[in-house]
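Written below as structure tokens is the structure these notes are about.
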Protein chains: 2
Amino acid sequence: MTNIRDVAKMAGVSVTTVSRVLNKHPYVSKEKKAVVLEAIKQSNYQQNINAVHLSMGKTFLVGVVVPFIDHPYFALLMKGIANEALENNYKLVFFQTNYEEAREVEAFQMLKQKQIDALIICSRISCWPTIEEYKPYGPIILCEDTRGRNMSSTFVDHYKSFIFALEYLYHKGHRKIGYTIGRKTGTNTRFREMAYKDFLNNHNLPYESDYIFEHYLHFEDGEQVIERIKQMANPPSALLVTGDEVAAGIVTSAHYRNISIPDDLAIIGFNNQPIAKMMNITTIEIPLVEIGRQLFLQAIQEGKDVTYQEIPIKLIERKTV
Amino acid sequence: MTNIRDVAKMAGVSVTTVSRVLNKHPYVSKEKKAVVLEAIKQSNYQQNINAVHLSMGKTFLVGVVVPFIDHPYFALLMKGIANEALENNYKLVFFQTNYEEAREVEAFQMLKQKQIDALIICSRISCWPTIEEYKPYGPIILCEDTRGRNMSSTFVDHYKSFIFALEYLYHKGHRKIGYTIGRKTGTNTRFREMAYKDFLNNHNLPYESDYIFEHYLHFEDGEQVIERIKQMANPPSALLVTGDEVAAGIVTSAHYRNISIPDDLAIIGFNNQPIAKMMNITTIEIPLVEIGRQLFLQAIQEGKDVTYQEIPIKLIERKTV
DNA sequence: TTGTACGCGTTATCAA
DNA sequence: TTGATAACGCGTACAA
């Protein structure tokens with residue numbers, strides 16, 4: 001492998017001059033530049049980027065943590081992050097954690113070791129003390145409401161959105177409202193849970209634990225939701241479904257099981273994915289690709305100031321309410 | 001940032017000894033080891049991994065090229081790759097190319113610059129000369145049939161699978177068979193096209209260009225397939241659908257448009273994703289996660305020998321044929 | 001406008 | 001069993 005010194009020798013100049021040409025610095029004469037360029041071509045020279053990184057203390061690599069990638073929610077976030085990374089000449093290191101803390105810690109370690117310049121966490125399992133421990137080593141950006149904490153984020157106010165959707169159903173006459181959710185824990189889940197309870201309290205509605213459907217993530221999970229509802233003596237009349245895939249699965253299954261939507265069961269999905277449009281599902285639009293973009297921009301933002309970016313949501317009215 | 005020299009000074013030993021402790025080399029006395037470990041703890045020392053990379057000429061980073069990630073096919077491959085990377089203490093650099101050649105070249109460049117040890121290409125746009133140009137710089141693994149070429153791969157024999165599925169439909173009495181496909185070009189597409197034409201020839205069946213549906217990738221695309229079929233004077237009686245998502249979309253749309261499946265239209269999906277199970281779709285199982293695993297293993301395989309790994313497929317009979 | 005010399009943090013070699 | 005020192009390849013003060 002030919003290195004910068006070889007090129008310098010070939011061109012009859014110093015390594016500095018070669019480096020300047022490489023990095024497009026000013027103050028290098030046309031003639032020398034030409035010789036250097038020629039030498040580079042002749043030798044098929046290629047910078048060893050690791051040496052650059054060592055020298056600069058920067059890698060132009062940003063880590064992205066997701067629990068799993070085979071779900072539209074994370075795939076869309078990832079897409080947005082990747083698009084913006086490309087624009088800014090950064091590359092991404094992909095961490096699939098499956099919500100195992102040890103895997104998340106590996107990402108933190110890479111930040112500490114300076115192999116990545118920043119870390120974006122799309123969904124986490126680690127607790128705050130852990131995250132704060134690694135904060136000094138580089139920007140850590142979260143995709144959840146971190147207001148009040150010393151940590152940057154791009155997020156949707158899930159409390160507000162949930163209240164909004166619930167009130168919408170209430171005004172449509174629904175009094176027996178439930179919701180489905182992907183995981184039991186997590187900040188977003190907690191905010192939604194709070195919103196749900198506050199909503200019930202405000203309207204003097206009873207809390208039915210049966211109306212909360214946990215661990216539903218994919219299209220095919222919709223079937224089980226319908227199964228459970230079929231067996232209930234006093235089923236909900238409306239469901240907030242946190243994810244259009246699941247909503248689509250519910251609509252499909254309901255159809256086969258002769259549950260009429262929206263008459264027997266009203267559905268509001270989340271995200272406004274293409275599948276929601278095709279199946280005419282009323283949904284709360286969450287611009288995941290755009291959120292991904294913002295997350296990335298925060299990750300490479302200069303300066304140490306913490307920023308919170310709330311992304312507004314929008315109700316898309318279609319045929320399932 | 002404290003470095004290895006600081007630690008050495010603190011422990012009263014040489015950097016060599018510290019390095020030995022760090023890398024668990026033999027020939028270091030218990031006492032010195034203890035002192036070093038203590039100094040490491042005291043100083044909160046952390047290796048600078050870039051220096052390690054420079055010194056070793058290796059990064060334990062593998063690149064993964066996908067056109068986009070928001071599709072189950074690539075998400076599942078990625079999942080398998082990521083799982084295996086974790087097992088082997090490698091990290092992944094994620095390249096989303098959107099089938100733009102310039103983006104693919106960036107991945108090749110990183111290989112050349114030694115920022116990644118190997119490159120896995122799940123689907124490509126670049127042509128063979130380009131790939132071969134970068135071959136000397138590190139392992140490049142493809143997810144397509146590369147037999148006859150000097151390039152390693154894990155792949156499904158799509159020619160064979162297509163013939164198999166077509167014959168299956170033929171024996172069920174179908175004579176008007178079409179297929180849907182995600183993209184117009186690409187090795188896998190070409191093999192399928194060849195299989196389709198050979199099948200028609202072998203059975204003296206006419207070639208209807210209408211029966212080939214290009215650019216259908218997602219659930220919501222199923223609607224358009226059904227629309228087109230509705231408008232055909234002489235519609236196909238069976239469809240090979242390269243992707244269960246699209247198959248599910250077709251089944252759903254057909255239901256709403258009063259096309260009976262399998263009576264009016266038989267469907268064979270591909271991949272055997274969970275959605276196919278839920279919707280009772282007959283499908284060709286392709287173990288994408290397992291393919292991902294194998295791709296990764298080939299990427300880090302020692303030695304320069306080229307290997308071809310064919311992954312067998314299996315028909316899962318359900319209710320859409 | 002150009003070049004020398006040093007620093008980045010680690011591993012590997014070889015002598016002790 | 002230990003340590004001094006030479007790579008690794010590049011960027012950049014600083015001097016000229």
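Each chain gets a letter, A, B and so on, in the order the sequences are listed, and its residues count up from 1. Only heavy atoms go into these numbers, but all of them, side chains included; no hydrogens, no water, no symmetry mates.
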(message) Looking at dG9(C), I'd like to know if its phosphate oxygens (OP1 or OP2) sit under 4.0 Å from a side-chain N or O belonging to Q113(A).
(response) no
(message) In this structure, how many angstroms lie between the P atom of dC10(D) and the CD atom of Q47(A), rounded?
(response) 6 Å
(message) Can you measure R5(B) atom CZ to dC8(C) atom C1' for me and round it to whole angstrom units?
(response) 8 Å
(request) Starting at atom NZ of K58(A), determine the distance to atom C1' of dC10(D), rounded to an integer number of angstrom. (result) 16 Å
(message) Could you tell me if R183(A) and S123(A) have a donor-acceptor pair between their side chains, going purely by distance under 3.5 Å?
(response) yes
(request) Could you say whether E31(A) or V15(A) is positioned toward the 5' end of DNA chain C, judged by the nucleotide with the nearest heavy atom to each? (result) E31(A)
(request) Just compare dT1(C), dT11(C), dG3(D) and give me whichever is closest to any side-chain atom of S29(A). (result) dT1(C)
(message) Ignoring hydrogens and geometry beyond distance, is the side chain of T16(B) in donor-acceptor contact with the base of dA4(D) at under 3.5 Å?
(response) yes
(request) Mind calculating the distance between CD (Q46(B)) and C1' (dT10(C)) to the nearest angstrom? (result) 13 Å
(message) If you only use heavy atoms from C-beta on, which nucleotide in dG11(D), dT5(D), dT1(D) is closest to the side chain of M56(A)?
(response) dG11(D)
(request) Ignoring backbone atoms, test whether N3(A) places a side-chain nitrogen or oxygen under 4.0 Å from the OP1 or OP2 oxygen of dG9(D). (result) yes
(request) Indicate whether OP1 or OP2 belonging to dG11(D) is found under 4.0 Å from a side-chain N or O atom of N23(A). (result) yes
(message) Using whole Å, what does the distance between atom C1' of nucleotide dT10(C) and atom CD1 of I40(B) come to?
(response) 13 Å
(message) Measuring from atom CG of N48(B) to atom CG of N3(B), what distance do you get when rounded to the nearest 0.5 angstrom?
(response) 9.5 Å
(request) Assess the side chains of Q46(B) and Y137(A): does a donor N or O sit below 3.5 Å from an acceptor N or O? (result) no
(request) Measure the distance from CG on N50(A) to C1' on dG9(D) and round it to the nearest whole Å. (result) 10 Å
(message) Return whichever of R20(B) or T2(A) has its heavy-atom-nearest nucleotide of DNA chain D closer to the 5' end.
(response) R20(B)
(request) Measure the distance from CG on L22(B) to P on dG3(D) and round it to the nearest whole Å. (result) 15 Å
(request) Could you tell me how the ring of F68(A) sits relative to the ring of H218(A): parallel (under 30°), tilted (30 to 60°) or perpendicular (over 60°)? (result) tilted
(message) Can you see if the side chain of Y45(B) gets near the phosphate of dT10(C) - specifically, an N or O under 4.0 Å from OP1 or OP2?
(response) yes
(message) So, does K32(B) get its side chain near the phosphate of dG3(D), meaning an N or O under 4.0 Å from OP1 or OP2?
(response) yes
(message) Checking contacts here: which listed nucleotide (dC10(D), dT1(D), dT10(C)) is nearest the side-chain heavy atoms of V52(B)?
(response) dT10(C)
(request) Quick one: which residue pairs count as a ring pair (Phe, Tyr, Trp, His ring centres under 6.0 Å) with a foot in residues 37-65 of chain B, not counting sequence neighbours? (result) F60(B)-Y90(B)
(request) Taking only the side-chain heavy atoms of L54(A) (C-beta and beyond), determine which of dG9(C), dT11(C), dT2(D) contains the nearest atom. (result) dG9(C)
(request) Would you mind reading off the distance between K30(B) atom NZ and dT2(D) atom P, rounded to a whole angstrom? (result) 13 Å
Under 3.5 Å, which donor-acceptor pairs link side chains of residues 77-86 of chain A to any protein atom two or more places apart or in another chain?
residue : atom : partner : partner atom : Å
K79(A)  : NZ   : D70(B)  : OD1          : 3.2
K79(A)  : NZ   : D70(B)  : OD2          : 3.0
E84(A)  : OE1  : R293(A) : NE           : 2.8
E84(A)  : OE2  : N88(A)  : ND2          : 3.2

(message) I want to verify a distance call: between dG3(D), dT10(C), dC10(D), whose nearest atom is closest to the S55(A) side chain?
(response) dC10(D)
(request) Using heavy atoms to find the nearest nucleotide of DNA chain D for A51(B) and S14(B) separately, return the residue whose nucleotide is more 5′. (result) S14(B)
